[in-house]
Each structure stands twice: as C-alpha cells, then as structure tokens.
Amino acid sequence: MTAWHAPPPLAPNTLDDGVPSSEYAEVMTPQAELIERLKTLLGPKGYLHEAMDVEPFARDWRGRVGATPFVAMPSTTEEVAAVVKAAHEAGVPLVPQGGNSGMVRGSLPQNEIVLSLRRMNKIREISPQNDSIIAEAGVILTQVQDAAKEAGRLFPLSLGAEGVATIGGLVSTNAGGVAVLRYGMMRDLVFGLEVVLADGRIWNGLRTLRKDNTGYDLKQLFIGAEGTLGIVTAAALKLFPLPAAKMTAMCALTSLDAVVPFLPIAKSMSGGAVTGYELMGHQGVEFVLEHVPDTRFPFTPAPEWSLLLEMSFGREDGARDTIEAVLAAGMEEGLISDAVIAQSDAQSLMFWKVRDSHSEGEKKDGRGVHHDISSPVAAVPDLIRGAMAAGGQLVPSARFVAFGHAGDGNIHFTVKPPKGLAGGMTEDEVVAIHDEVQHAVHDSTMRLGGSISAEHGIGMMKRDELAERRSPLEMELLRTIKRTLDPAGTLNPGRVVK
Ligand code: FAD
C-alpha cells in the first residue's frame with residue numbers, strides 16, 4: 001500500500017461561503033492504489049481521470065470551485081457497493097454526487113474521490129395502481145415527473161433545479177421546493193430506499209407500502225443525511241392523481257404582512273387547492289427582468305411584494321370561478337391591490353419562470369451572502385424584517401433579495417452590497433464579512449423559533465453553525481448516528497457533522 005500524501009491546499013478561499021481554505025488541506029487525497037483498483041472494477045466507461053474531464057464535477061452551480069483527482073461512475077448498485085467497499089477498506093473518503101446543484105457545498109469535493117451516481121439512471125418500475133415509482137439515484141427529477149405524467153399520475157416535487165437535480169440528491173437533501181404546502185417535502189414522498197452502507201453492504205428497503213410499522217423507520221436516517229450515512233442507489237416514491245386543472249395568478253400584495261392572512265383565505269375558499277404560494281420582493285424580480293433573457297412580469301414597476309398563487313383542482317368545472325373568488329376576497333380584505341390570472345399555459349409558465357429564475361438573476365448580478373431560513377408561517381413577515389435589520393446593521397444601504405416558499409414559512413434571503421452608492425461597501429467587503437452577516441441573520445431567525453436551513457441542508461457551509469445552534473444532546477445524538485453508520489468516516493467527511 002502506498003503512503004498517504006497530503007493534498008496541496010487549494011487556492012485561497014475567495015468564495016462567498018466563509019469556509020477557510022486552510023480546512024481544505026485537512027482532507028486527504030486518495031491513494032493511487034485505490035484509483036487503480038477502481039479503474040479495474042469499473043472499466044473504461046465507469047470513471048473519469050483526466051483533469052479536463054473531472055473539472056466539471058469540482059465546480060458547483062454557484063461557481064464555487066473544489067478539486068478531485070478521480071470520478072467513479074458506477075452504473076449498477078453492485079458497482080456502487082464495490083466502489084464503497086474498496087474505499088472503506090482503503091480508508092479513503094468519497095463524496096457522493098448527483099446533479100451537483102446543491103447549495104451548501106455538500107457535493108463539492110475538496111480533493112476527495114467523487115462517486116457520481118449519474119449513470120444509475122433507470123426507472124425500474126412504475127405502478128399507477130399502487131401510485132408508486134421506483135427510480136435509480138441518478139434519474140433527473142424532470143424524468144420522474146415525465147414518466148409519472150405518461151402513466152397519468154403526478155410526482156409533485158418541483159424546484160428551480162429540476163432539470164439537473166437527481167433523485168439521489170433530492171432524497172439526500174430532503175429537498176423541498178414549490179409544492180411543499182400541499183404534498184410535503186421529499187421525506188413525505190418516499191416509500192422506501194435502496195442504500196449502500198459505508199462498508200459496501202446493500203440494504204434493500206425498496207418497499208412500496210403505505211402502512212408499515214415494523215420497528216425503526218430506517219429510511220428516514222438516510223433521507224436528508226447528505227451522503228454522510230450511506231449512498232442512496234434507488235428510491236420508491238409516491239405518486240398522486242394529476243390535477244384536472246391548474247390556475248395561476250400573480251398578485252400585488254398591499255404589504256408584506258398581507259402574505260399571512262391571505263393564505264388561510266385561499267386555502268379554505270378553495271377547499272385546500274393551493275399548491276403554490278411563492279413570495280417575491282421587488283429586488284429579486286428586478287434582477288430577473290434585468291439578467292434573465294425572455295422574462296416578463298405583469299406589473300410595472302414590480303410591486304414591493306408580489307405573490308405567485310397556484311391552485312390545482314380535481315375537476316375543471318369551477319376552477320376559474322374559485323380563483324377569481326379567492327382574489328376578490330383578498331382585495332376586499334385589503335390584502336391584494338392587483339392580480340392577473342394566467343390566461344394560457346404559456347402565461348402561467350412565464351409567471352413561474354420569473355419565480356424560478358430568482359437564484360439565476362441574483363447570481364448574475366454578483367455575489368452576496370445567502371440564507372435559506374424558515375419560521376412558523378405566521379411569522380414570515382417578521383422573519384424577513386428581522387433578517388433585513390440584521391443584514392442592514394452590518395452592510396449599510398444593503399440591497400436585499402427575499403423570495404420563496406412563504407406558504408411553508410421558508411424564505412431565501414440574500415444580502416447584497418449597495419449598487420452605485422457613494423461610500424457603500426463593495427462586493428468584496430461584503431463577502432469578507434460573510435460569516436458575521438450570516439450569523440446575525442441566523443440569530444434573528446432563531447429568535448423566532450426558526451431554522452437556519454429550511455431545505456438546502458448543512459453541507460460544509462453551515463456545519464459549524466449547526467453545532468452552535470443545536471443543543472449538546474442533539475449534537476451528541478447526531479454524531480453517534482454518524483459514528484455508528486460510518487465508523488471509518490469515509491462517507492462525505494466534514495459535511496453536516498465533524
Ligand atoms: P447534489 O448537489 O449532487 O448533492 C447534494 C447532497 O446530496 C450532497 O451532500 C451529496 O453528497 C449528496 N448526494 C447526492 N447524491 C447522493 C446519493 N445518491 N446518495 C447519497 N448522497 C447523495 N432545493 C430545494 O430543496 N428546494 C428548492 O426550491 C431548490 N431550488 C433550487 C433552485 C436552483 C436554481 C438550484 C441551483 C438549486 C435549488 N435547490 C433547491 C437545491 C438543490 O437543487 C437540491 O438540494 C437538490 O436536492 C440537489 O440534488 P442534486 O442531485 O444536484 O444533488
């Protein structure tokens with residue numbers, strides 16, 4: 001066996017996530033011997049080794065750059081198991097990766113070998129009778145949505161990255177998205193899992209039972225574990241009836257506070273038909289219209305606060321009357337000042353495009369300090385105002401982007417430097433105090449009984465904050481679970497818990 005050699009430290013950390021570059025050097029490079037073994041195991045189609053080929057796997061959606069010497073690309077569960085076993089025996093860390101669209105540096109390698117699940121891309125089974133689908137880890141979310149639709153069913157998970165995010169990644173981050181208030185998060189959509197354990201054994205928990213109270217619910221451990229406890233190779237997922245009609249409206253709210261009382265009105269008047277309830281501040285809309293091609297918005301200028309309301313109905317009759325009545329009630333109550341109901345699928349898609357392009361528009365404008373915070377739904381206005389006050393104290397005249405899933409209490413919040421303001425902080429200066437800003441925003445979130453990561457997870461970015469925010473007992477339990485399932489620490493080390 002060749003000796004370990006420490007990796008060269010990566011370039012100084014100029015990223016916006018505040019993890020010091022010195023920490024990268026703690027992670028060891030894999031042994032050349034293991035790489036040779038993996039090449040033999042996987043054959044020429046099953047790996048990438050050239051610098052040019054592995055580079056895309058070491059760069060995430062936000063443009064953050066890591067490094068990896070080797071990407072293993074198994075195409076079957078048995079091959080995944082063989083890779084994991086070999087790494088376990090060599091004591092070499094692996095970073096599982098799906099679409100690499102995660103936001104918290106969970107899948108971005110810091111000199112570890114990448115275990116890419118993208119070649120595990122088969123839909124194994126679909127049963128409209130049982131309302132279930134079994135998809136391998138590398139299947140892209142839109143492929144599952146399309147397969148369900150072809151079978152006359154709905155897979156309801158939906159999010160801005162659905163064209164790249166994979167089932168394995170979505171399970172491992174317990175993804176949320178835009179339909180959580182009606183269908184729940186990924187955790188609520190999983191019947192069962194197939195998982196390769198840290199030592200390479202395969203746990204087949206691919207059941208499609210709606211009722212199963214046989215001991216501890218093991219799959220829950222792997223959902224949201226961000227690849228630190230096992231490698232998800234396939235998931236059995238729940239399907240639903242396709243709605244017969246969908247109605248989408250863009251609303252101008254009279255104030256931020258209006259977002260809270262309008263929700264129960266919309267829910268009860270529609271008999272629970274609300275499937276999308278997305279809040280957008282004017283700054284985010286303006287970034288989208290400025291930076292994302294082919295986007296249009298029904299109001300000029302963008303209102304201080306807009307709301308994208310979507311309702312899904314089992315019958316077409318009465319769908320339009322219902323949304324009209326809901327909007328009229330919102331206006332009568334002084335909660336909505338204006339509203340446009342999409343007249344066609346194209347118009348509805350345009351409303352959603354503006355909403356879904358928020359991260360892209362904001363990214364194209366430049367860097368900032370990002371947050372994925374939540375509070376009880378009734379406290380969303382206070383969540384946003386508190387975050388703005390906290391960010392504004394550290395970044396005078398900051399611009400704020402606040403948008404997201406107000407219907408389930410989750411707001412994406414970014415602090416950006418002022419633009420063109422004499423005497424304001426520059427982008428570099430704001431990024432330099434990233435941790436301070438994030439801490440202040442998270443403090444304000446916690447005062448409302450909220451969460452510092454509503455749906456993106458912990459990764460490396462929020463690991464230290466997690467340790468600070470959770471009680472010592474909770475951290476002890478989390479670490480006990482990690483040590484039990486991955487005693488050698490070879491699965492995604494340094495993410496979630498240390
Ligand atoms: P990756 O980014 O590759 O990995 C994510 C984590 O899971 C990493 O820790 C990785 O190690 C681990 N992992 C990946 N595959 C496996 C596997 N098979 N087994 C074990 N561990 C694995 N997220 C939301 O929740 N809601 C949103 O609304 C949302 N909107 C987004 C919009 C945009 C534009 C973008 C870029 C991202 C958005 N995200 C959102 C974040 C992201 O899409 C999700 O976190 C998604 O679940 C990541 O899937 P992925 O396949 O890209 O996983």
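We're numbering straight along the sequence, starting at 1. Atoms within each ligand, like the ligands themselves, are counted from 1 in listed order. Just so it is clear, the model here is predicted, and its values are computed rather than measured.
Applying the side chain to side chain contact (heavy atoms under 4.5 Å, CB included) criterion to Ser116, with sequence neighbours excluded, gives Phe57, Val71, Met73, Val114, Arg118. With sequence neighbours excluded, no residue forms a side-chain hydrogen bond (donor to acceptor under 3.5 Å, both in side chains) with Lys416. Partners of Glu427 under the salt bridge (Lys or Arg N to Asp or Glu O under 4.0 Å) rule, at least two apart in sequence or in another chain, are Arg367.
Salt bridge absent: Arg355 and Glu310 never bring a charged side-chain N and a carboxylate O closer than 4.0 Å. Arg153 has a carboxylate O that lies under 4.0 Å from a charged side-chain N of Asp131, or vice versa, which qualifies the two as a salt bridge.
When only modelled atom types and interatomic distance are considered, His439 and Glu468 share a side-chain donor-acceptor pair under 3.5 Å.
If you look at ligand 1, the protein residues with a non-hydrogen atom under 4.0 Å away are Trp61, Pro96, Gln97, Gly98, Gly99, Asn100, Ser101, Gly102, Met103, Gly106, Ser107, Leu117, Ala137, Leu159, Gly160, Ala161, Ala165, Thr166, Gly168, Gly169, Leu170, Ser172, Thr173, Ala175, Gly176, Gly177, Glu226, Gly227, Gly230, Ile231, Val232, His405, Glu455, His456, Asn492.
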